[in-house]
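For the single chain, residues carry numbers from 1 onward in sequence order.
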Amino acid sequence: MIKKKLVVLMIFWSLFVFGQVKKDHYQEFNLSFPLRGNDSYGQVDSNGNRSDYWFLPDGLSLKYGVGVFQKKWFGLGMHSGLNWIVEDKIVTIPVFVNIRLSPKVGPETQLYFQGGYGKSIPIGRGSLMGDYKKISFGFGNSEGIIVFAELEDHGYSLGKNGAVMSFSLGISFITF
């Protein structure tokens, strides 16, 4: 019950804070693909085809967030989305606070570091809920297009599969 109240409080807090700011705000949309290790890498199947991929796609992740920024290099936002992880047979809704640092390393190039903390709510799993944590690293241009790698921990486990975690590669679009 306390976890649900915390999620509701985070949502209302973000609406209050970000609703007051008329400028210096951003919107971010992320599209990423979770990956898993290929257990049959290098093996030949019955048709004579060799598996040469180290990683295989393992779902889809869509996230959207809004927030405030300071000089386009520091941002604080409220984000949510949908994560589909095939191997774990789960769809989750993460709701989290996101902190973004994006220092310039060239005239048109920026590095992006993001960290997020909040709640992960799986769809169709009863009252299961966990502490969502994410960290991502990427690079992009001054137009707000970012390519990134991300590691997520949903804060709960599903029986024999263990902890629900994912490693993703993706692209992000930020508008200021």
Aromatic ring proximity, centroids under 6.0 angstrom, Phe96 and Tyr132: yes
Closest approach of Phe148 to Leu31 (non-hydrogen atoms, all atoms of both residues): CZ-O, 4.4 Å
Side-chain H-bond candidate by donor/acceptor type, Gln114 with Tyr112, under 3.5 Å: no
Pair Asn141, Glu108: side-chain N/O donor-acceptor within cut-off below 3.5 Å: no
Exercise: do Tyr156 and Ser120 side chains pair donor with acceptor under 3.5 Å: yes
Flag, side chain of Asn98 to backbone of Gly77, donor-acceptor distance under 3.5 Å: no
Over all atoms of both residues, closest heavy-atom pair of Leu169 and Ala149: CD2-CB, 3.8 Å
Counterpart residues, side-chain hydrogen bond (donor to acceptor under 3.5 Å, both in side chains), relative to Ser166 (two or more places apart): Glu152
Aromatic ring pairing Tyr26/His79, orientation class (parallel under 30°, perpendicular over 60°, tilted between): tilted
Side-chain donor or acceptor of Gln110 paired with backbone N/O of Ser102 under 3.5 Å: yes
Minimum heavy-atom distance Pro122-Ile90, with the two atoms named: CB-CD1, 3.6 Å
Pair His154-Asp131, side chain to side chain contact (heavy atoms under 4.5 Å, CB included): steps then yes or no: CA-CA 6 Å; His154 292 272; Asp131 289 336; over 6 Å; no
Heavy-atom pair of closest approach, residues Pro57 and Leu35: CA-CD2, 4.0 Å
Arg125: partners by salt bridge (Lys or Arg N to Asp or Glu O under 4.0 Å), with sequence neighbours left out: none
Phe137/Phe113 aromatic ring centres below 6.0 Å: yes
Reference residue Asp88; test side-chain contact (heavy atoms from CB on, under 4.5 Å); the match among Val91, Thr92, Val86, Ile85: Ile85
Lys134: salt bridge (Lys or Arg N to Asp or Glu O under 4.0 Å) partners, not counting sequence neighbours: Glu150
